[in-house]
J.: 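To start, I am sharing the structure in question, which I have written as structure tokens.
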Amino acid sequence: MLPGIQNVKAVLSTAEASKIQNNISWNRGRLVRHYFLISLVLISGGLVTSGLSELYFRYQESSAELVQLQQEITSGAAWKIEQFVEEIERITRGATKSREITERGFSPDYQFELRRLLVIAPAISEAVAMDSDGTSRVSASRFPRVLTGAAKTDAVMPALQAVKNGNSYFGSVYFHRDSEPYMTVAVPIERYAGRLIGALQVQVNLKYVWDLLSKLRVGAKGYAYAVAQNGDLIAHPDIMLVLQRRNVVDLDQVRSAFQAPANAQRPTWTIAKNLQGRKVFSSWSPLPTLGAMVFVERPVEEVYGPLYASLIRTSGLLLVGLCMSLVAALFVARRVVRPLETLRNGVERIGRGDMNSRLELKTGDEIEVLAEEFNKMAENLHRAYDELEHKVTERTRDLAIANERLQELDQLKSDFVSNVSHELRTPLTAIKGAVDLVLREVAGPLTEKQIHYLTRVRSNTQHLTSLINDVLDLSKIESGSSEVKFNRVSLSSLVHEVIETLRPVAAEKAIRLDPIVTERSIFVLADPDKINQVLMNLIGNAIKFTPASGKVTVSASRNGQKNVQVSVSDTGPGVLPSERKTIFDKFYQIADEEGAKPKGTGLGLAICKALVELHGGKIWVESEVKQGSTFNFTLPADIPENLRSSSSEDTKARTSDTGLVT
Amino acid sequence: MIQLMIALAIGNILLAVGFLAEAQQPAKIIRIGYLSAGDPTSRGYRIDAFRDGLKELGYIEGKNILIEYRFAQTDPERLPELARELVALKVDVIFVTSRPATEAVKNATQIIPIVTSSGDPVASKYVAGLAQPGGNITGLTNFSSELVGKRLELLKELMPKLTHIAGLHTPGEPLPDTWGNTEAVARSLGMRLHSAEVRVRDDLEPAFAAIKKSRAGALITLRSPLLVKDLSKRIIDLAGENRLPAIYDEERFPRLGGLMSYGVNLADVDRRAATYVGKILKGAKPASLPVEQPTKFDLSINLKTAKALGLKIPAHVLMEATAVIE
């Protein structure tokens with residue numbers, strides 16, 4: 001590879017490498033993410049959907065089952081308590097069927113029945129058989145003095161009212177000695193159906209309900225309790241709470257249980273706090289005969305514990321599944337993206353110029369085909385590149401050889417020109433000196449004719465000398481050995497200097513020579529000797545081609561910020577449009593009005609053009625045939641950027657000669 | 001650096017001291033005071049019941065609890081001193097089974113929780129109410145005095161023609177108004193109650209002589225530490241000698257030869273009292289532990305004694321009996 005091409009590539013790769021790399025890695029990451037997400041959604045989507053729906057339905061079903069289970073337990077508890085009361089009623093009714101009850105009333109032996117009642121039903125603490133008017137006839141009691149009085153005052157009248165219709169009477173719950181829950185049950189005593197004799201009233205100790213409820217097992221920490229209409233606890237596993245006459249009307253579950261209308265389809269369970277402030281799952285069921293409510297409660301964590309455990313288990317499995325699908329998705333994504341990455345790396349290598357690199361992809365799919373095609377393309381590219389490189393090398397070598405030869409030739413030409421010029425000037429100087437001596441009549445007086453011929457010899461010698469000088473100048477300029485010494489030069493003084501020099505010549509032909517310098521202080525950065533030469537050439541030409549009594553005008557003005565334009569106008573014959581380009585060529589000469597070629601070397605304008613261009617300016621001609629011509633050239637008003645370095649050291653070095661350096 | 005090391009060293013020492021202190025602290029042994037007006041032999045079955053009750057709750061004597069027993073040996077004069085002893089021992093809870101013992105402990109401390117299984121704590125003014133005792137005393141009632149009426153009824157049922165009945169009692173026991181109440185119930189049943197006072201042990205024989213003079217047809221014994229504990233066997237013997245049908249408040253009397261008894265099962269009550277002790281040891285305040293009332297009453301009849309006395313026990317009374325001794 002060529003060193004130049006390599007350099008360019010090196011610069012390119014270092015400057016943009018990081019940017020490209022970032023871009024590529026980001027794209028790569030995005031591709032992996034893309035595939036990963038798609039796989040993840042596909043694989044885990046189903047898993048999550050089924051898992052979540054499983055969780056949801058299991059939760060719903062289990063919750064419903066738990067509620068139902070506990071409600072059944074509650075109904076069971078309520079049924080047991082009701083059974084207990086109904087059993088008391090049944091036994092009490094049984095005690096009214098006795099032969100000791102006659103048309104006249106109770107025989108004293110009826111006491112036997114009542115005692116039997118106390119023995120059969122331990123919960124009954126007192127039994128009183130009374131007349132239809134409420135007079136106590138026969139009674140049996142576990143403690144005689146205590147209950148009878150109390151029972152009479154608050155329970156006899158409603159009881160009698162109830163039994164008159166043949167119904168049993170269930171009194172509301174009351175507390176014996178303000179501590180133990182009791183209730184009154186009364187049944188009618190009939191001789192036969194419809195023939196009412198009196199009532200049998202028993203006092204039932206509801207502490208036995210406590211026995212029933214405390215034996216009830218509801219899970220590990222569940223319990224049941226009964227509450228009277230006014231919120232008093234009738235039964236509770238902690239009997240102390242009952243004996244303390246604890247009122248639980250403030251518990252949310254109790255309030256909502258008693259608030260619910262009997263027929264309303266309202267849930268008979270809630271989650272609330274119990275007396276200890278623990279969150280419990282509470283369900284309730286009414287106790288119609290007691291006018292009370294039985295509650296079954298279990299701590300929420302116990303009720304929902306197994307459900308939550310199962311949910312957590314399912315969630316755990318779901319999570320494991322998700323993790324597995326995550327890994328699988330990642331695997332799939334990598335599987336898809338890795339060949340692409342290999343492909344990209346290969347392309348990148350070839351892009352960097354590593355033409356020998358090939359893609360090794362055995363995926364057995366389209367990507368492999370793509371890689372093979374790419375390898376073929378890289379092969380072709382490599383071959384084409386090699387050929388191209390070979391040709392470039394060959395051509396470059398040829399060019400170098402040609403260039404070398406050209407340089408040699410140029411050197412030869414320069415050497416030749418300077419040698420020939422030198423060799424030509426020496427005899428010419430000798431000829432000129434000899435002719436001058438002859439013309440000064442050192443060797444004796446000359447005839448008119450001799451003087452005439454010798455004068456022609458001298459002028460031709462002078463012409464030849466200036467021709468040789470011009471050729472030498474041009475050759476130096478063209479070979480690049482002419483040095484420009486830039487200085488800050490006042491253009492007006494330079495113009496005046498040249499005009500003053502040429503004024504006698506103009507005066508010979510009665511030509512008006514006017515300098516029009518619009519600004520007095522136009523400064524240019526130029527080599528004064530070289531500009532002097534240019535002006536001399538242009539003004540000299542103008543005088544030369546302007547017929548007698550003509551006019552030559554020199555003007556200088558700013559042309560934009562950076563340039564100064566100098567114009568030399570004459571009233572000569574003008575330049576034909578076809579000549580305007582070639583006029584600055586070497587050895588080109590315009591015929592004057594008479595068609596004769598004027599005296600000159602034909603190199604003046606070529607030198608002017610070369611000198612102006614050395615200053616970075618340009619030169620051109622504007623003309624109208626038979627009206628005159630204007631030769632314009634521009635000079636830098638400021639130092640051009642590329643010439644600045646070679647200027648400053650020699651600002652004062654103004655040489656008096658032509659400024660040419662050999 | 002040196003400062004840091006010193007700080008670490010001090011920290012380690014403090015930690016070690018802390019561990020040692022903790023290691024040396026003995027496991028706290030719960031101590032229960034047991035004060036009885038009687039003697040250990042006659043009370044053995046009740047002590048056992050109390051122990052059983054504690055055992056059911058996981059309190060095993062000698063293992064994680066220590067019971068400090070104090071017996072007045074039927075000398076009520078000694079009770080205050082014994083109560084003070086228990087208080088000085090700073091026991092965790094004191095269990096008392098009789099009114100005089102409760103009285104003594106109540107006077108000795110207002111801080112140590114007291115569980116009583118005697119009589120009627122409301123009537124004795126030990127508690128403000130059954131539902132909310134309000135002080136440092138709680139426990140169970142045994143209805144002993146309330147059941148006097150029931151006992152008189154039973155005697156009347158056995159002997160419907162009974163008009164004179166003798167009451168053996170220590171004045172002021174078990175409650176100051178018990179005697180008056182008993183007289184009133186007897187009157188309501190058409191009987192006259194004759195007083196036979198026993199203040200000291202030697203009063204018993206003269207008392208029986210007086211009963212004989214009063215021509216009383218039956219005998220009822222009111223509960224007092226002296227009568228039901230120390231003299232119980234002699235009372236039974238004397239009743240037998242004097243051919244007096246007698247009713248007592250505890251099942252053990254018919255077993256010893258007495259005619260019959262009606263009352264709560266005191267062993268049950270004491271067993272149940274252990275649950276109060278348990279609750280208090282777990283941090284419950286006696287002020288909020290309601291007093292429990294018994295629901296079970298035992299009627300015991302000794303048929304042999306009845307036969308010896310020439311009494312026929314009516315069927316309905318026999319049916320109500322929970323224990324019949326033949």
Side-chain angles (χ1 to χ4, degrees), chain A residues 95 98 100 107-127 138-149 175-182 203-211 214 232-233 236-247 275-276, chain B residues 120-123 127-134 138 140-154 156-157 160 181-182 184-185 188-189 262-264 272 275-276 279-280 284-299 314-322:
Chain A
S98 170
E100 312 302 338
S107 99
D109 286 341
Y110 187 56
Q111 172 124 78
F112 180 83
E113 292 293 340
L114 297 187
R115 299 238 174 180
R116 206 171 60 134
L117 193 61
L118 296 190
V119 172
I120 294 169
I124 298 176
S125 54
E126 185 192 272
V138 187
S139 69
S141 172
R142 294 184 198 278
F143 20 67
R145 290 194 300 119
V146 186
L147 288 179
T148 322
F175 287 83
H176 169 52
R177 289 191 72 177
D178 211 24
S179 176
E180 300 212 344
Y182 274 82
Q203 305 304 326
V204 184
N205 189 343
L206 293 178
K207 241 168 109 178
Y208 283 84
V209 175
W210 168 63
D211 277 351
S214 59
D232 279 339
L233 271 176
H236 194 281
D238 184 2
I239 189 69
M240 294 298 160
L241 294 176
V242 180
L243 300 181
Q244 279 172 0
R245 292 290 311 277
R246 186 67 84 89
N247 193 292
L275 280 173
Q276 285 77 41
Chain B
D120 187 335
V122 180
V127 297
L130 293 180
Q132 296 284 343
T138 186
L140 299 97
T141 65
N142 61 21
F143 281 127
S144 185
S145 57
E146 287 174 45
L147 296 174
V148 164
K150 178 75 181 173
R151 291 186 195 114
L152 290 177
E153 272 178 22
L154 284 165
K156 184 80 177 172
E157 279 176 69
N181 289 338
T182 314
V185 178
S188 72
L189 292 168
Y262 185 81
V264 293
R272 186 101 189 98
T275 66
Y276 279 83
K279 278 182 202 289
I280 287 165
K285 295 274 165 284
S288 58
L289 280 178
V291 175
E292 215 177 311
Q293 301 173 48
T295 47
K296 247 177 95 183
F297 305 98
D298 292 338
L299 170 60
H316 62 264
V317 174
L318 208 53
M319 183 191 63
E320 210 185 329
T322 47

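Order of the sequence lines fixes the chain letters, A, B, ..., with proteins taken first and strands second; residue numbering starts at 1 for each chain. Note: hydrogens, waters and symmetry copies are ignored here, and every other heavy atom, side chains too, is used.
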J.: Heavy-atom cut-off 4.5 Å, strictly under: side chain, backbone, both or neither for B:Leu152 against chain A?
T.: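 When you check distances to chain A, no heavy atom of B:Leu152 falls under 4.5 Å.
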J.: So if I take each residue of residues 110-120 of chain A and look for any heavy atom under 4.5 Å from a heavy atom in chain B, which residues do I end up with?
T.: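 So the qualifying residues are A:Gln111, A:Phe112, A:Arg115, A:Arg116, A:Val119.
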J.: Is the shortest side-chain heavy-atom distance between B:Thr141 and B:Pro294 below 4.5 Å?
T.: yes
J.: If we ignore hydrogens and angles and just use 3.5 Å, is the side chain of B:Lys150 paired with the main-chain N or O of A:Arg142 as donor and acceptor?
T.: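 Looks like no, no N/O pair under 3.5 Å.
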J.: Determine whether a donor-acceptor pair (N or O, by modelled atom type, separation under 3.5 Å) exists between the side chain of B:Tyr276 and the backbone of B:Pro286.
T.: no
J.: Would you please name every residue forming a side chain to side chain donor-acceptor pair (under 3.5 Å) with A:Asn247, sequence neighbours left out?
T.: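 Applying side chain to side chain donor-acceptor pair (under 3.5 Å) to A:Asn247 gives A:Asp232.
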J.: Does A:Lys207 use its side chain to pair, donor to acceptor, with the backbone of B:Gln293 at less than 3.5 Å?
T.: yes
J.: Please identify each residue that fulfils side chain to side chain donor-acceptor pair (under 3.5 Å) with B:Ser288, with sequence neighbours left out.
T.: none
J.: Any donor-acceptor pair under 3.5 Å linking the side chain of B:Thr275 with the backbone of B:Arg272?
T.: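 Answer holds: yes.
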J.: Tell me, side chain or backbone of B:Glu320 under 4.5 Å from chain A's heavy atoms, or both, or neither?
T.: both
J.: Under the rule for side-chain contact (heavy atoms from CB on, under 4.5 Å), what residues qualify as partners of A:Ala123, not counting sequence neighbours?
T.: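 So A:Ala123 forms a side-chain contact (heavy atoms from CB on, under 4.5 Å) with A:Phe84, A:Ile88, A:Val204, A:Tyr208.
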J.: Contact part of B:Ala284 toward chain A, heavy-atom cut-off under 4.5 Å: side chain, backbone, both or neither?
T.: neither
J.: Identify which part of B:Glu292 has an atom lying under 4.5 Å from any heavy atom of chain A, answering side chain, backbone, both or neither.
T.: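 Both the backbone and the side chain of B:Glu292 come within 4.5 Å of chain A.
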